[in-house]
Amino acid sequence: MKTILVTGGAGYIGSHTIIELLQSNFNVISIDNYYNSIPLSYDLIKKITGKDFKKYQFDIAQDKDLELVFQENSIDGIIHFAALKSVPDSVANPIFCYQNNNNALLNIAQLAIKYGIENLVFSSSCSVYGNVAPIDLPVQENTIIRMAESPYAYSKQNGEVFLKSISEISTLKVFALRYFNPVGAHDSGEIGEFPSKHSNNLVPIITQTAIGLRDYMMVFGNDWNTRDGSCVRDYIHVSDIAEAHVLALSKLFQEDFNNKFEIVNLGSGQGVTVFEAIRSFEKMSGVKVNFKVGERRDGDVEAIYSLPNKAKDILGWFAKRDVDTMMDAAWKWQNKLIDLGFNTTKI
Ligand code: NAD
Ligand code: WQD
């Protein structure tokens, strides 16, 4: 049985990925400092899978004890999720963003090499494409990388550059997975994304409005050059993303797979507007969403969606769950959050 170190395992995508790993018979070790998560995630993972795993609480970017994890365990592969993902926070405090995201990655890469671990999956982001022009759509892995729109996006561009050069001079093999807009929650309805003081993402805001935690939500602009005037994104179910990580690791473990550094888009390939997302939610929940149309949000890109062909070719992966399924899952999770006592928009 192979052992996978998951950094940021208590977080949104990390927790869903641990479920898939445990259900695919991997051993898991998780590290998280709970900067943007709570240990309750781990209890919910155990409830869903019936399995337990080893956890550490460290700041991967700083804590010298990180090496203990590598000394104490025999690790076959690493999935590195741990990062600060809030774009506005990164604009307000770029040093913290770079220190956290880039130092953590370098610490992990250094220890991976020191302890002979050859397989690494890195959480990258569609934000690396920058302010994409209509001519770039759908974005492919070799689409020109434009200027990053935020320190966060720059930390992911940097991360990819670091890993490419590190893989070239070491035994490390890397998949950098560029997620588009992960949303939704586990099919069981038992786990999803917890409210956070750092989140301003569309789908939690829709579900919080529908359940009455917000009086209304704002649609950021209806004058974009899109089919209904609102922005277009490529929403992707968090469990589809999680499953891609299991496939990426399995590929890295394949003896005849020797590619050193591969970038792969994880998107559905479908562009969905903000109004379409709201309508899908209303259809699936039967609840009307009270929204107003406001100004465009600073830094928003008009439209971005992926060409996901490489994921299919190299990993055999494609998005199985559609937007209605994502909205249904998000609504179940919002109701579960209330049951769990989270009757708040931010914690
Ligand atoms: P998340 O904030 O829910 O999870 C990240 C986890 O890492 C959190 O639990 C946090 O406490 C932990 N963490 C952060 N810095 C740490 C450190 N120095 N030491 C230990 N733990 C640390 O975010 P997520 O949505 O699960 O995202 C996971 C990864 O995917 C991140 O790298 C993020 O940048 C990337 N990503 C996310 C999205 C998205 O929209 N959710 C899109 C593209 C890429
Ligand atoms: C989606 C759409 C908003 C809230 C962010 C990061 C990106 C990546 C994914 C990490 C946009 C609109 C939103 C609201 C709205 N994360 N919206 N009203 O901005 O596409 O991407 O998450 O790598 O780096 O920037 O996601 O969910 O914030 O917004 O109208 O109250 O919903 O304008 O068009 P975004 P989002």
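When reading the values below, keep in mind they use all heavy atoms of this one structure, side chains included, and skip hydrogens, waters and symmetry mates. Indexing begins at 1, ligand by ligand and atom by atom, following the structure's order.
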### Query
Counting heavy atoms only, which part of Lys156 comes closer than 4.0 Å to ligand 1: side chain, backbone, both or neither?
side chain
### Message
With the threshold set at under 4.0 angstrom, would you say Asn181 reaches ligand 1 through any of its heavy atoms?
### Response
no
### Query
Say you draw a straight line from CD1 of Ile117 to CD1 of Ile4; how long is it, rounded to the nearest 0.5 Å?
10.0 Å
### Task
Nearest heavy atom to atom 2 (C) of ligand 2 wins, so pick from Trp224, Phe275, Tyr235.
Tyr235
### Task
Mark yes or no for whether Asn103, through its side chain, and Tyr98, through its backbone, hold a donor-acceptor pair below 3.5 Å.
no
### Task
Quick one: look up the protein heavy atom nearest atom 19 (O) of ligand 2 and list residue, atom name and how far away it is.
Arg297 NH2, 2.8 Å
### Query
atom 15 (C) of ligand 2: which protein heavy atom is closest, and how many Å away?
Phe220 CD1, 3.3 Å
### Nearest-option assignment for atom 33 (C) of ligand 1, heavy atoms, candidates Tyr152, Tyr12, Tyr179
Tyr152
### Closest protein heavy atom (residue, atom, distance) for atom 26 (O) of ligand 2
Asn181 ND2, 3.2 Å
### Task
List every atom of ligand 1 that sits less than 4.0 Å from any heavy atom of Phe180, numbering the atoms from 1 in the order shown and giving each element.
42 (C)
#### Entry: Cation-pi, Phe281 ring and Lys283 (6.0 angstrom, 45 degrees)
no
### Query
What atoms of ligand 2 come within less than 4.0 Å of a heavy atom belonging to Val87?
6 (C), 24 (O), 25 (O)
### Message
Suppose I only count heavy atoms of Asp300 and a 4.0 Å limit; which atoms of ligand 2 are within that range?
### Response
3 (C), 19 (O), 33 (O)
#### Entry: Residue, atom name and distance, where the atom is the protein heavy atom closest to atom 12 (C) of ligand 2
Val274 CG2, 3.7 Å
### Message
So, regarding Ile13 and ligand 1 (criterion: nitrogen or oxygen to nitrogen or oxygen, under 3.5 Å), is there a contact or not?
### Response
yes
### Per-atom contacts, ligand 2 versus Ser127 - under 4.0 Å to a heavy atom
24 (O)
#### Entry: Any N or O of Glu193 closer than 3.5 Å to N or O of ligand 1
no
### Task
Write out the residue and atom name of the closest protein heavy atom to atom 27 (O) of ligand 2, then the distance separating them to 0.1 Å.
Leu202 N, 2.8 Å
### Message
Using modelled atom types and a 3.5 Å cut-off, is there a donor and acceptor pairing between side-chain atoms of Asp32 and backbone atoms of Tyr34?
### Response
yes
### Query
Any idea which atoms of ligand 1 are less than 4.0 Å away from a heavy-atom of Asp59?
17 (C), 18 (N), 19 (N)
### Message
Show the nearest heavy-atom pair for residues Ser86 and Tyr152, with the distance to one decimal.
### Response
O-CB, 4.4 Å
### Query
So, does Tyr152 sit close enough to ligand 2 that a heavy atom of it is under 4.0 Å from the ligand?
yes
### salt_bridge(Lys47, Asp43) N-O dist < 4.0 Å
no
### Query
Under 3.5 Å, side chain of Glu20 to main-chain N/O of Ala242, donor-acceptor pair present?
no
### Query
Considering distance alone, does some N or O of Ser125 sit under 3.5 Å from an N or O of ligand 1?
no
#### Entry: Ser199 backbone acceptor or donor facing Lys346 side chain under 3.5 Å
yes
### Query
Atoms of ligand 1 less than 4.0 Å from Phe58 heavy atoms?
19 (N), 20 (C)
### Query
N/O of Ala104 under 3.5 Å from N/O of ligand 1, yes or no?
no
### Query
Are any of the N or O atoms of Asn36 closer than 3.5 Å to those of ligand 1?
yes
### Task
Spell out, as yes or no, whether a donor-acceptor pair under 3.5 Å connects the side chain of Asn290 to the backbone of Asp215.
yes
### Evaluation steps, side-chain contact (heavy atoms from CB on, under 4.5 Å), between Ile145 and Gln157
CA-CA 9 Å; Ile145 296 287; Gln157 288 184 350; 3.2 Å; yes
### Message
List ligand 2 atoms under 4.0 Å from Asn200, heavy atoms only on the residue side.
### Response
4 (C), 28 (O)
### Query
Under 6.0 Å between the ring centres of Trp333 and Phe194?
yes
### Query
Is a side-chain N or O of Ser230 found less than 3.5 angstrom from the main chain of Val274, in a donor-acceptor match?
yes
### Message
Measuring from non-hydrogen atoms of Ser124 to any atom of ligand 1, is the shortest distance under 4.0 Å?
### Response
yes
### Query
Out of Ala83, Ser199, Gly159, Pro182, whose heavy atom is nearest to atom 40 (O) of ligand 1?
Pro182
#### Entry: Ring-face cation of Arg178 near Tyr129 (centre distance under 6.0 Å, axis angle within 45°)
yes
### Query
Which ligand 2 atoms does Val219 reach within 4.0 Å, using its non-hydrogen atoms?
30 (O)
### Test item: Thr7 side-chain N/O and Phe81 main-chain N/O as donor-acceptor pair under 3.5 Å
yes
### Query
Atoms of ligand 2 less than 4.0 Å from Met218 heavy atoms?
14 (C), 15 (C), 18 (N), 30 (O), 31 (O)
### Message
For Arg178, state whether at least one heavy atom is located under 4.0 Å from any atom of ligand 1.
### Response
no
### Query
Could a heavy atom of Phe194 be found less than 4.0 Å from some atom of ligand 1?
no
### Task
Before signing off on this row, confirm whether Asn100 and ligand 1 have an N or O atom pair separated by under 3.5 Å.
yes
## Note on the structure
For Tyr34, the atoms of ligand 1 under 4.0 Å from one of its heavy atoms are 11 (O)
### Task
Please write down residue, atom name and distance for the protein heavy atom closest to atom 20 (O) of ligand 2.
Arg233 NE, 2.5 Å
### Message
Keeping Asn93 on the side-chain end and Phe96 on the backbone end, is there a donor-acceptor pair under 3.5 Å?
### Response
yes
### Query
What atoms of ligand 1 come within less than 4.0 Å of a heavy atom belonging to Ile60?
17 (C), 18 (N), 19 (N), 20 (C)
#### Entry: Ionic contact status for Lys320 with Asp240, cut-off 4.0 Å
no
### Message
With nothing but distance in play, are any N or O atoms of Lys85 less than 3.5 Å from an N or O of ligand 1?
### Response
yes
#### Entry: Within 45° cone and under 6.0 Å: Lys2 NZ/CZ vs Phe26 ring
no
### Message
Quick one: does any side-chain atom of Trp224 pair with a main-chain N or O of Phe220 as donor and acceptor, under 3.5 Å?
### Response
yes
### Query
Should the pair Glu160-Lys156 be classified as a salt bridge under the 4.0 Å nitrogen-to-oxygen rule?
no
### Query
Contact between Lys85 and ligand 2, counting heavy atoms under 4.0 Å?
no
### Message
Distance under 4.0 Å to a non-hydrogen atom of Ile205: what atoms of ligand 2 satisfy this?
### Response
31 (O)
### Those atoms of ligand 2 less than 4.0 Å from some heavy atom in Cys231
34 (O)
### Summary
ligand 1 to Tyr35, heavy atom cutoff 4.0 Å, flagged ligand atoms 11 (O)
### Query
Under the 3.5 angstrom rule, does the side chain of Lys260 hit a backbone N or O of Leu172 as a donor-acceptor pair?
yes
### Query
Does the ring of Phe257 carry Lys173 above it, NZ/CZ under 6.0 angstrom from centre and within 45° of its axis?
no
### Query
Considering distance alone, does some N or O of Phe81 sit under 3.5 Å from an N or O of ligand 1?
yes
